[in-house]
Protein chains: 2
Amino acid sequence: MAKIDEVAKAAGVSISTVSYALSGKRPVSAETRTRIEAAVLELDYHPNAGARMLAGSRTNIFALTEPFRGDTHAPTHMSFVLAASIAARRNDYDLLLLTQEDSSRGMSRVASSGLVDGILVLDVAPADERVALARRIDIPTVFIGVPDDHEGLVCVDLDFEAAAALAVQRLADAGHRSVGLIGQPAIAYDNSNFPPRVRRGFDAQADECGLDAQFRTSGSVRPDAITTRRGTAELLDAGVTGLVVHASEEAIREVLAEVGERGLSIPADVSVISVASSFDAASLAPPLDDIPLIPQRSCDVAVDLALRALEANPPAPSVHLIAPEYHSRGSVGSVREGPEDTAR
Amino acid sequence: MAKIDEVAKAAGVSISTVSYALSGKRPVSAETRTRIEAAVLELDYHPNAGARMLAGSRTNIFALTEPFRGDTHAPTHMSFVLAASIAARRNDYDLLLLTQEDSSRGMSRVASSGLVDGILVLDVAPADERVALARRIDIPTVFIGVPDDHEGLVCVDLDFEAAAALAVQRLADAGHRSVGLIGQPAIAYDNSNFPPRVRRGFDAQADECGLDAQFRTSGSVRPDAITTRRGTAELLDAGVTGLVVHASEEAIREVLAEVGERGLSIPADVSVISVASSFDAASLAPPLDDIPLIPQRSCDVAVDLALRALEANPPAPSVHLIAPEYHSRGSVGSVREGPEDTAR
DNA sequence: TTGAAAGCGCTACCAG
DNA sequence: CTGGTAGCGCTTTCAA
């Protein structure tokens, strides 16, 4: 546990020069810097975090609030936490984990004790209690997700509406007249912010294109095979030829299984697009066109925004929507002219 | 952002009295304490974290290393992270998250900068790189899991060997002569520390009881239905009447499905016990006897050990194995006398 | 380009 | 039971 004065002595310079050499906030001659760096390595010097926090204006820590509710999709959430951690570390920041210990109390605690420089909010609910807190707190807070009431907040997320709309548009372009959305488990439409956004985008674009549109969930609380199968079956029975799926990998497998068991093939008989998937839609059988949800992208932007909020000219509050990217894998085909059409 | 001197002034006492009143490290008269508490509330005072870390000997932060590898079972890992977080908070500690590429470097970084008081290690591999680091570092490190080489380390975990042995013993007691273990995906036997421990306990106890014992995995990389089904089928074909399952909820459902489709009933024809399950085995159909893995228990002990390691008389390094608890739900029955037995 | 020194806000020792 | 105060190890202003 060498201290800065030992480094200074070893390098034959003053304490302040060591500090500046390490922070780069003041020019230091190449020769001096070399000596200091050697001393640092020699003594295995690491600046004391507490002293830094006290003397400096930064703690180099962001809080990450992630309730870890039991009903959420664990793999997706883990991806976001990991992506946030990587993005933070790349900017020399650590993450302090705040779980459901009263997410609000944790936030105000770390904010008012000066433990963290900013807060990243994950697993955002449509009506999220952390929204009110973010407004009250005096450190930058970035939401990864968009709550219903986001006035004055900084939010980052995939543009789910646009993603769903893009999928519908592709189907419409391919001639499909009747499309269906297999969504998340029903409860997610209350607990999470993005499933409703996908649904809105889907409905709006279907309307825009004059398509017949229907919706089914993939379960009530968690994805379940029965509900997903039945929902898919109902849509196919109703003459849907284009499916947009916003569901877990397991649920999508059920959708594909149902399609397969009916002897329908993709894309000849039915077209399928996965939206906001955080798994690899290319490894499904058959590989599906998809518009992926990339945690890394959201988290990179979020960390960047948090960092910029600490600088002199903080960016104004706003919702950063990440443009959807469509990946073609051959699961969308032109609609086959059906008997109704020729009969007319 | 009120400071301690403002509180002191407001309460009409000295700074040190405020400090002692809040820490409880020195007796303070009831009346004085009341005035101080009033001032604290009034000014919304929260001690500055950096100053505390610098002046005091504690940071009130533990690091949590959790690689978040892609091939792990996310729900279980999330449970552990959550349990660790809750245990830490209950002791007024926060958790700093260290993820993958950070695991080794991150540990030494936070240790030598004095950012954290101790480290909790999750997702322990049999040959874990963090073991060497833990020995080098000068702050307490607690492993939640037991690496192969755990000499001199503090480890906490469910006694997986004993859990598996207990399950086998129950089957033996019920008269089963041939038992099978449906385990984790194959890769977990290299990447994680506990699957091999379950298998060892299973084999040892079967040997001890003179039972015929067989083993199958539930997949190669992730649990998969096909492998699980086939493994179950093979065991049943081989005359196994007692199944010990150490697998994910989805995999167990496949096991039960295979048993059901063969027209076998539980426990009349086949007995099934789930070991080290971190989901609710009571909600399966039929409800299964199980020996649960309770993240909360491991994490409570781990935090407690970390805390005690900071005190004057730190406990000696040791492996704390948590005794397995058997929950009966009627999925184990006496073995039916088969033709071979009566023929003798 | 470098150095000296004044804090940052708290804890804990030494007095009383 | 309470107060005064010397640091904790760094960052940053002011001087040179």
Side-chain angles (χ1 to χ4, degrees), chain A residues 1-37 39-40 43-61 92 109-117 310 312, chain B residues 1-37 39-40 43-61 92 109-117 310 312:
Chain A
M1 286 287 207
K3 301 182 303 179
I4 198 172
D5 58 343
E6 305 179 40
V7 176
K9 193 173 300 174
V13 296
S14 72
I15 286 179
S16 51
T17 300
V18 174
S19 177
Y20 285 119
L22 294 178
S23 70
K25 292 186 180 174
R26 191 166 88 170
V28 172
S29 77
E31 189 217 359
T32 306
R33 154 164 287 122
T34 309
R35 284 214 312 285
I36 292 176
E37 281 165 357
V40 165
L43 299 170
D44 190 33
Y45 169 70
H46 292 266
N48 178 279
R52 244 183 157 163
M53 288 168 63
L54 182 57
S57 51
R58 301 284 182 88
T59 68
N60 278 332
I61 301 175
D92 204 33
R109 183 171 54 78
V110 297
S112 53
S113 69
L115 218 199
V116 305
D117 292 337
L310 294 173
Chain B
M1 287 285 207
K3 302 182 300 180
I4 198 172
D5 57 344
E6 305 179 40
V7 175
K9 191 173 302 174
V13 295
S14 72
I15 284 180
S16 50
T17 300
V18 173
S19 177
Y20 285 117
L22 295 178
S23 71
K25 292 186 180 174
R26 191 166 88 171
V28 171
S29 76
E31 189 217 359
T32 306
R33 153 164 288 121
T34 308
R35 284 214 313 283
I36 292 176
E37 280 165 358
V40 165
L43 299 170
D44 190 33
Y45 169 71
H46 293 266
N48 179 278
R52 242 181 159 165
M53 290 168 62
L54 183 56
S57 51
R58 302 283 183 88
T59 69
N60 278 326
I61 301 175
D92 203 33
R109 182 170 53 77
V110 296
S112 54
S113 69
L115 218 199
V116 305
D117 292 336
L310 294 172

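Computed over heavy atoms, backbone and side chain alike; hydrogens, waters and symmetry mates excluded. Within every chain, numbering begins at 1; the chains are lettered A, B, ... in the order of the sequence lines, protein sequences first and strands thereafter.
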Student check: side-chain heavy atoms of B:Met53 and B:Leu115 closer than 4.5 Å: yes
Under a 4.0 Å heavy-atom cut-off, which of residues 14-28 of chain A touch DNA chain D? A:Ile15, A:Ser16, A:Ser19, A:Tyr20, A:Lys25, A:Arg26
Taking atom CD1 of A:Ile4 and atom CD1 of A:Ile36, what is their separation to the nearest 0.5 Å? 9.0 Å
Is there side-chain contact between A:Lys3 and A:Asn48, with at least one heavy-atom pair below 4.5 Å? no
Donor-acceptor under 3.5 Å (B:Ser112 side chain, A:His46 main chain): no
Starting from P on D:dC1, measure out to CD1 on B:Ile36 and report it in whole angstrom. 13 Å
What integer distance in Å separates A:Met1:CE from D:dC10:P? 10 Å
Of residues 48-56 of chain B, the positions that come close to DNA chain C - non-hydrogen atoms, cut-off under 4.0 Å: B:Asn48, B:Ala51, B:Arg52, B:Ala55, B:Gly56
Rounded to the nearest 0.5 Å, the OG atom of B:Ser57 sits from the CZ atom of B:Arg52 at a distance of 11.0 Å
Separation of A:Lys3 atom NZ from D:dG7 atom P, in whole Å? 11 Å
Minimum heavy-atom separation for B:Thr59 to B:Val116, with atom names? OG1-CA, 3.5 Å
Let me have the donor-acceptor pairs involving side chains of residues 8-17 of chain B, under 3.5 Å, with sequence neighbours excluded, atom names and distances please.
residue, atom, partner, partner atom, Å
B:Ser14, OG, B:Ser16, OG, 3.1
B:Ser14, OG, B:Thr17, N, 3.3
B:Ser14, OG, B:Thr17, OG1, 3.1

Between NZ of B:Lys9 and P of D:dG3 the distance, given in whole Å, is 14 Å
Sort and list the pairs that fulfil side chain to side chain donor-acceptor pair (under 3.5 Å) and have at least one residue in residues 19-29 of chain B, not counting sequence neighbours. B:Ser29-B:Thr32
Looking at residues at least two apart in the chain, or sitting in another chain, which of them share a side chain to side chain contact (heavy atoms under 4.5 Å, CB included) with A:Asp92? A:Asn60, A:Arg89
Return no unless some side-chain N or O of A:Thr32 is found under 4.0 Å from OP1 or OP2 of C:dT2. yes
Report for the helix from C:dT1-D:dA16 to C:dG16-D:dC1: angle between first-end and last-end helix axes, five pairs each, rounded to 10 degrees. 30°
Please state how far atom CD1 in A:Ile4 lies from atom P in D:dG7, giving the value in whole angstrom units. 19 Å
Without decimals, in angstroms, what is the distance between B:His46 NE2 and C:dC10 P? 12 Å
Are any of the side-chain heavy atoms of A:Val110 and A:Ile61 separated by less than 4.5 Å? no
